[in-house]
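Read the structure below first, then the notes.
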Amino acid sequence: MMRNFTLALILLISGGCTQMPPQKTPETASTGTGQNQTAATATNSIPTRPQDPKMKAFIDDLMGKMTLEEKIGQLNLVSVGFTVTGPVVSENVDENITKGLVGGVFNTFTPIAVRKLQEKAITQSRLKIPLLFGYDVIHGHRTIFPMPIALAASWDLAAIERSARIAADEASADGLNWVFSPMVDIARDPRWGRIAEGAGEDTWLGCQIAKAMVRGYQGNDLSANNTVMACVKHFALYGAAEAGRDYNTTDMSERRMMEEYLPPYKAALDAGAASVMSSFNDINGVAATGNRWLMTELLRNQWGFDGMVVTDYTAINELIPHGLGKNEYEVAKVALDAGIDMDMVGEVFLKHLGQLVKDKKVTEDQINVACRRILEAKYKLGLFEDPYRYANEQRAKETLLKKEYRDASRDIARRTMVLLKNRNQTLPLKKTGSIALVGPLVKSQVDQLGNWNGAGDWKQAISVEQGIRNVAGPGLKITYAKGANIADDTLMLRRLNAHGGNIEVDPRSAEAMIREAVQVARRADVVVAVVGESQGMTGEASSRSDITLPGRQLDLLKALKATGKPLVVVLMNGRPMALKWENDNVDAMLEAWFPGTEGGNAIADVLFGNYNPSGKITATFPQNVGQVPIYYNAKMTGRPYGGQQLDKYKSRYLDVSNDPLYPFGFGLSYTTFSISAPTLSTANLQPGGNMTVSVQVQNTGNYDGEEVVQLYVQDLVGTVSRPVKELKNFRKVFLKKGETQTVTFTLTENDLKFYDINMKYVAEPGDFMVYVGSNSRDVKSAPFTLTASGASAGNP
């Protein structure tokens with residue numbers, strides 16, 4: 001059984017993550033699914049925050065007119081339209097809308113389509129309650145930005161927020177008022193396809209990005225016609241699925257949950273996110289959608305969240321195979337008791353809640369609570385004032401894919417790209433001479449957009465080939481060979497193409513394709529190989545057990561290497577990959593991710609030096625899949641391996657070092673930077689005080705450029721084992737060639753707090769190290785002490 005938790009708003013550096021110190025309560029407060037609790041108990045989740053009296057009066061009056069059936073109808077989210085993201089499409093939608101039995105619509109957009117359905121609700125239903133319109137706007141709507149793991153690699157919070165702001169403007173112009181983003185799940189297993197959809201492995205950075213995304217979507221006024229309601233997902237712990245297999249079980253300690261996985265959700269809610277989506281996974285044996293501890297005790301009673309909670313696609317139905325009920329009637333009760341407000345697509349609430357009330361298994365008060373939350377969301381969006389405010393065709397024409405937004409997509413994409421290797425300054429390339437473009441992704445437009453491309457039109461995307469022609473100009477001779485198919489596994493290809501993969505397989509043999517590529521390479525001054533994954537190989541339901549280059553792409557690279565020509569690899573992918581041979585043998589390697597609508601232009605900008613790369617990875621790249629999970633902030637062990645080759649009885653492998661291929665925070669530049677050892681304002685941090693940490697950062701190379709200066713802390717002795725490092729802050733600074741700048745951080749006692757042996761949130765006195773550097777591995781350190789009088793528990 002999980003313990004109950006109380007809320008303490010402990011802010012980390014720069015308004016960082018909130019932490020939630022736990023407090024024991026009677027076992028009856030943590031019964032998991034809530035199946036052993038009375039219906040009356042389940043109504044304890046009524047919001048306690050002050051309400052807008054005008055909104056309350058309006059909704060009181062409206063609900064006073066609603067029948068029980070109409071209230072249940074508000075809990076029903078149906079799927080209609082252009083995109084199917086699950087196995088069910090809702091039926092009888094038009095009829096149910098006119099009966100007042102639909103609260104919202106998923107997968108329908110464009111002003112014309114939205115207005116048609118909204119008019120049906122407003123003109124034909126008895127109470128004229130407007131509909132919500134939601135969609136998977138994950139990294140852009142029509143103008144597609146890099147995937148979230150790439151956005152995180154920019155370490156540019158302003159750019160990330162701007163991408164969400166543009167997405168909100170386009171989505172709202174296209175009829176939508178609700179987006180199922182941000183995904184804030186911490187993920188440390190690159191086999192999991194949805195690692196592409198989040199910010200990576202670090203909690204602190206994940207919190208900052210969660211807040212930036214919410215601000216971008218919701219702005220300062222949720223009722224404005226160019227903002228949308230954000231939906232924080234997936235609550236909770238979805239990124240910790242065992243074996244990296246999507247939808248799989250999750251099991252972890254209370255301490256890890258509180259310290260590492262839950263804070264980004266709380267940060268997003270503190271930023272004002274108005275809705276939450278339940279996750280597919282179970283949490284220590286209880287599926288999230290039926291988990292009363294998670295959805296009511298934690299989210300409502302302790303965190304004070306008063307917005308609406310929607311399930312993921314058919315998640316209530318899936319409580320049956322989870323083993324929480326024998327049929328839909330039973331799991332409808334489990335989900336409502338847990339604290340779910342809206343049922344996405346499954347229509348379990350619509351079919352069974354009325355009978356459950358008659359059978360006195362649930363109460364109408366429970367349904368009232370859920371209905372009120374949905375109506376409040378509609379009120380805050382301004383839909384009762386103007387149900388058509390998001391259905392303006394003229395605004396759509398003026399907004400969607402406009403040049404300003406495409407330019408922003410290009411600029412932000414450049415910021416996300418990570419230079420992983422650059423031997424002998426192979427990059428940037430010259431715009432004269434000849435270049436061989438080789439690889440299965442050279443001409444691809446669809447793969448620029450990534451798996452969560454939403455309403456993006458891949459035909460509008462710029463391929464790598466086109467981008468290079470645009471940027472290099474007429475002085476560069478370009479030749480091309482495909483070289484390899486993106487994959488050779490026929491079953492994988494069938495699976496991908498069955499769900500919009502758009503993969504065209506060259507019928508030639510792999511050997512013939514490689515021979516052609518080698519001939520083309522030999523005639524060129526430099527070879528650029530564009531390799532990686534197809535857009536369908538990452539994202540939802542796209543886990544991979546092998547995270548090396550698929551198909552014969554590595555064989556292609558080996559053959560190109562044998563030509564002796566300078567070999568530049570451009571990677572397009574949505575996850576950390578195992579690239580040991582590539583790192584050891586190619587001359588330069590650029591991680592371009594799936595960069596979005598303007599991806600080809602952005603890649604070319606970086607390759608030719610129009611932009612100096614400044615991205616840093618936010619999820620560790622392993623040497624091979626056997627090292628997974630591997631992440632920078634692992635706990636200390638009793639037998640740490642110090643690198644001595646013959647030292648056997650240590651925590652190590654026999655066949656590979658413990659080191660990652662690329663550590664968290666790693667990324668190169670066309671210039672070089674030096675970062676001095678940190679200077680501390682004091683060696684003894686006092687109670688209620690702070691300590692400044694200063695370093696000198698110098699651009700020692702030949703190009704102007706940006707460096708991400710990262711600050712980490714280590715608690716050397718604690719009542720429980722602590723991580724070897726924890727990110728606590730960063731600064732991204734621009735320096736001209738030869739320029740030096742002082743970068744200063746502030747550390748306080750709050751930055752040192754954690755859950756002690758008694759699960760109390762404290763900063764324990766003792767010895768610490770502060771590290772500053774260009775990534776989690778390449779750092780310089782200074783010791784300091786937290787004085788005994790400076791230790792204090794977190795305030796609930």
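Values below: all heavy atoms of this structure, side chains included; hydrogens, waters and symmetry mates excluded.
Between V570 and V531 there is no side-chain heavy-atom pair separated by less than 4.5 Å. Taking the side chain as every heavy atom from C-beta outward, N633 and K725 never approach each other to under 4.5 Å. Contact of the P440 side chain with the Q553 side chain is registered, since non-hydrogen atoms from C-beta on lie closer than 4.5 Å. Residues L727 and F664 form a side-chain contact, since some pair of their non-hydrogen atoms from C-beta on lies under 4.5 Å apart. Counting heavy atoms from C-beta on, the side chains of R142 and D457 never come closer than 4.5 Å. Residues N573 and E591 have side chains in contact (heavy-atom distance under 4.5 Å, counting atoms from C-beta outward). Looking at heavy atoms from C-beta onward, N451 lies out of side-chain contact with F594 at the 4.5 angstrom threshold. For the pair V530 and V438, the minimum side-chain heavy-atom distance is 4.5 Å or more.
Considering NZ of K459 and CD of Q445, their distance stands at 9.5 Å, rounded to 0.5 Å. Here the CE-OG1 distance, from M572 to T538, works out to 10.5 Å after rounding to the nearest 0.5 Å. One distance of note links CG of L549 with CG of D546; it measures 9.5 Å at 0.5 Å rounding. Interatomic distance, OG of S776 versus OH of Y712, reported as 4.5 Å (0.5 Å rounding). The CG atom of N658 sits 7.5 Å away from atom CD of Q627, with the distance rounded to the nearest 0.5 Å. Atom CG of L401 sits about 6.0 Å away from atom CZ of R406, to the nearest 0.5 Å.
In this structure, R575 contributes its side chain and P190 its backbone to a donor-acceptor pair below 3.5 Å. With T700 contributing its side chain and T672 its backbone, the two residues share a donor-acceptor pair below 3.5 Å. Of the possible donor and acceptor atoms, none in the side chain of N775 sits under 3.5 Å from a partner among the backbone N and O of G665. Of the possible donor and acceptor atoms, one in the side chain of T618 sits under 3.5 Å from a partner among the backbone N and O of A199. Formation of a donor-acceptor pair under 3.5 Å by the E201 side chain with backbone atoms of T620 is found in this model. A distance-only check finds a donor-acceptor pair linking the side chain of H139 to the backbone of W452 [under 3.5 Å]. Of the possible donor and acceptor atoms, none in the side chain of S543 sits under 3.5 Å from a partner among the backbone N and O of W192. A donor-acceptor distance shorter than 3.5 angstrom exists from the side chain of D587 to the backbone of L567, with no hydrogens or angles considered. Side-chain atoms of N470 never come within 3.5 Å of backbone atoms of N601 as a donor-acceptor pair (strictly under, hydrogens ignored). Checking side-chain atoms of R731 against main-chain N and O of Q710 turns up no donor-acceptor pair under 3.5 Å.
Paired with Q535 under the rule side chain to side chain contact (heavy atoms under 4.5 Å, CB included), one option of L441, N453, L449 passes, and it is N453. L571 pairs in a side chain to side chain contact (heavy atoms under 4.5 Å, CB included) with only one of the listed residues (L420, L590, V418), which is L420.
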Q) Between I486 and M537, is a side-chain contact (heavy atoms from CB on, under 4.5 Å) present by the stated rule, with each step listed? A) CA-CA 10 Å; I486 194 71; M537 291 180 185; 4.1 Å; yes
Q) Please walk me through it: do N424 and T426 pass side-chain hydrogen bond (donor to acceptor under 3.5 Å, both in side chains)? A) CA-CA 5 Å; N424 299 325; T426 302; 5.9 Å; no
Q: Any chance you could lay out the side-chain contact (heavy atoms from CB on, under 4.5 Å) test for R188 and I195, step after step, and finish with the verdict?
A: CA-CA 8 Å; R188 293 168 174 174; I195 195 171; over 6 Å; no
Q. When you look at E197 and M147, which way does the side-chain contact (heavy atoms from CB on, under 4.5 Å) test go after all the steps?
A. CA-CA 6 Å; E197 199 179 336; M147 297 195 75; 5.8 Å; no
Q.
Pair Y703, K736 - check side-chain contact (heavy atoms from CB on, under 4.5 Å), show working.
A. CA-CA 7 Å; Y703 296 86; K736 291 186 175 295; over 6 Å; no
Q | Steps toward ring pair (Phe, Tyr, Trp, His ring centres under 6.0 Å) verdict (F666, F621) | A | CA-CA 10 Å; F666 178 83; F621 279 48; 9.2 Å; no
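For the pair R544 and E533, the salt-bridge criterion is met [side-chain N within less than 4.0 Å of a carboxylate O]. With salt bridges taken as basic N to acidic carboxylate O contacts below 4.0 Å, one links D506 and R508. Look at D407 and R410 and you find no salt bridge, because none of the NZ, NE, NH1 or NH2 atoms lies under 4.0 Å from a carboxylate O. Taking a cutoff of 4.0 Å between a charged side-chain nitrogen and a carboxylate oxygen, R469 and E465 qualify as a salt bridge.
Scanning all heavy atoms of the two residues, the minimum distance from A413 to A602 falls at CB-CB, 3.6 Å. What you find for G705 and N699 is that their closest heavy atoms are N-ND2, 3.7 Å. Of all heavy-atom pairs between S694 and T744, the closest is OG-OG1, 3.2 Å. Among all heavy-atom pairs drawn from A167 and G140, the shortest one is CB-CA, 3.8 Å.
For the side chain to side chain donor-acceptor pair (under 3.5 Å) test, no residue two or more places apart in sequence or in another chain qualifies with D489.
For the pair K443 and Y480, the cation sits on the ring face: its NZ or CZ lies under 6.0 Å from the ring centre, inside 45° of the axis. The cationic atom of K780 (NZ for Lys, CZ for Arg) does not lie both less than 6.0 Å from the six-membered ring centre of Y771 and within 45° of the ring axis.
The number of heavy atoms from other shown groups lying within 6.0 Å of CD (Q696) is above 12. Enclosure of atom NZ in K650 by more than 12 non-hydrogen atoms of other residues, nucleotides or ligands within 6.0 angstrom is indicated. A 6.0 Å sphere centred on CD of E504 holds no more than 12 heavy atoms belonging to other residues, nucleotides or ligands.
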Using residues 606-615 as the side-chain source, report each donor-acceptor pair under 3.5 Å to any protein atom, sequence neighbours left out, with the distance given to one decimal.
| unit_1 | atom_1 | unit_2 | atom_2 | d |
| --- | --- | --- | --- | --- |
| N610 | OD1 | K431 | NZ | 3.2 |
| Y611 | OH | S614 | OG | 3.2 |
| Y611 | OH | E706 | OE1 | 3.3 |
| N612 | OD1 | S669 | OG | 3.0 |
| N612 | OD1 | Y670 | N | 2.9 |
| N612 | ND2 | S669 | OG | 3.2 |
| N612 | ND2 | D704 | O | 2.9 |
| S614 | OG | K732 | NZ | 3.1 |

Run the side-chain donor-acceptor check on residues 149-161: report pairs under 3.5 Å with partners two or more places apart or on a different chain.
| unit_1 | atom_1 | unit_2 | atom_2 | d |
| --- | --- | --- | --- | --- |
| S154 | OG | L151 | O | 2.6 |
| S154 | OG | D156 | N | 3.1 |
| W155 | NE1 | K616 | O | 2.9 |
| D156 | OD1 | A158 | N | 3.3 |
| D156 | OD1 | A159 | N | 3.0 |
| D156 | OD2 | R415 | NH1 | 3.3 |
| E161 | OE1 | R215 | NE | 3.1 |
| E161 | OE1 | R215 | NH2 | 3.3 |

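Taking the ring centroids of F730 and F745, they lie at or beyond the 6.0 Å cut-off.
When only modelled atom types and interatomic distance are considered, S657 and Q623 share a side-chain donor-acceptor pair under 3.5 Å. A donor atom on one side chain and an acceptor atom on the other are not found under 3.5 Å apart for D202 and Y631.
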